Amino acid sequence: MLFDSALKRTLMLVCAGVATIVLVLGVLYWAANGGADLLGGPKQTGRALIGGNFSLIDHEGKSVTEADFRGHHTLVYFGYTFCPDVCPMELLAITETLEQLGPKADGVIPVFITVDPERDTVPVLADYVENFHPRLRALTGTLEEVRVATRAYRVYFKKADGPEYGNDYLMDHTSLIYFMGPDGDYITHFTFGTPPDVMAARLTKLLG
Ligand code: NI
């Protein structure tokens, strides 16, 4: 409990813009330890903290790092294919948003990163992407590789508590859509349930 309140104070200081390097490292440490969901979404002041290096494999079995997306805007979403509702809803919202934007969004790549690499293998992802936008890249890796990516985006995930029937379990996870720039920098994010027309209007402005 002491630990928790110290971290909350740290976060407040960061948001107030008086962060020192030590505090930034503290927040990174905190996020890496699964506290990112308490944040309620990244703040503009946390800009430099969102995004970063990762090394994963896509639904076609190709190695992918963050550098492969340089020169493109991306819409990055973390989730898992067995997710019964939230993930498919958000991926459909991304699909609809890009369809609404049409040619204007040609350079925008939607990216789905699994938080459940145990079940989300390359063939599972290959099947899954068929349901969504044709440009969607779905990424998986080892649990450690996935952890690196989730830390970079301050995404929380955890196997949900509750009865587990064989391979049947749910994952708790952050549900934010990150809009990243061509240089890999964080631009903005959309919270769960943001309607596609709202996202499309926002992206229209941001894409210029
Ligand atoms: Ni989900």
Side-chain angles (χ1 to χ4, degrees), residues 31-42 46 50-52 54 56-60 64 66 69 74-99 108-180 186 188-200 202-203:
N33 283 276
D37 62 321
L38 297 174
L39 198 60
I50 305 284
F54 60 78
L56 295 163
I57 185 167
D58 75 2
H59 62 274
E60 294 177 334
V64 175
E66 77 295 338
F69 299 107
T74 53
L75 284 166
V76 181
Y77 183 75
F78 288 80
Y80 66 112
T81 69
F82 287 78
C83 184
D85 40 33
V86 171
C87 293
M89 264 180 70
E90 291 304 88
L91 290 170
L92 283 173
I94 289 172
T95 303
E96 212 179 306
T97 300
L98 293 177
E99 279 168 2
V108 180
I109 304 176
V111 181
F112 173 68
I113 303 179
T114 184
V115 294
D116 184 20
E118 201 179 309
R119 291 181 297 184
D120 284 342
T121 59
V122 168
V124 169
L125 292 180
D127 278 350
Y128 195 62
V129 295
E130 296 294 323
N131 300 300
F132 306 105
H133 195 275
R135 278 200 304 277
L136 181 64
R137 301 281 295 277
L139 311 183
T140 187
T142 65
L143 184 58
E144 195 41 50
E145 287 166 342
V146 164
R147 270 193 211 288
V148 170
T150 59
R151 279 182 198 131
Y153 284 83
R154 296 196 308 193
V155 162
Y156 163 83
F157 74 101
K158 181 179 167 291
K159 216 180 251 195
D161 296 330
E164 212 183 283
Y165 302 101
N167 217 24
D168 199 4
Y169 55 86
L170 297 175
M171 302 289 294
D172 294 330
H173 65 93
T174 305
S175 186
L176 293 174
I177 297 169
Y178 297 95
F179 184 56
M180 309 294 289
Y186 168 84
T188 191
H189 70 273
F190 301 100
T191 53
F192 171 68
T194 304
D197 54 331
V198 172
M199 287 200 278
R202 190 80 198 285
L203 293 182

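For ligands, and for the atoms within them, numbers begin at 1 and follow the listed sequence. Only a predicted model underlies this, so the values are computations on that prediction, with no experimental measurement involved. All values below were derived from every heavy atom in this structure, side-chain atoms included, with hydrogens, water molecules and symmetry-related copies excluded.
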Q) Among Tyr128, Phe78, Tyr80, whose ring pair (Phe, Tyr, Trp, His ring centres under 6.0 Å) with Phe112 holds? A)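 Answer to the ring pair (Phe, Tyr, Trp, His ring centres under 6.0 Å) test with Phe112 among Tyr128, Phe78, Tyr80: Tyr128.
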
Is [X] salt-bridged to [Y], cutoff N-O under 4.0 Å?
X	Y	answer
Lys159	Glu118	yes
Arg151	Glu144	yes
Arg137	Asp58	yes

Q) For the atom pair CG (Asp161) and CG (Asp172), what is the distance rounded to the nearest 0.5 Å? A)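 Reported to 0.5 Å precision, the distance equals 7.5 Å.
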
Q. Taking the Ni ion (ligand 1) as the center, what protein N, O or S atoms are found at less than 2.8 Å?
A.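 Less than 2.8 Å away from the Ni ion (ligand 1) sit Cys83 SG, Cys87 SG, His173 NE2.
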
Q.
Taking Tyr156's backbone N and O only, do any of them form a donor-acceptor pair with Thr174's side chain (distance below 3.5 Å, no angle check)?
A.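 At least one qualifying donor-acceptor pair exists.
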
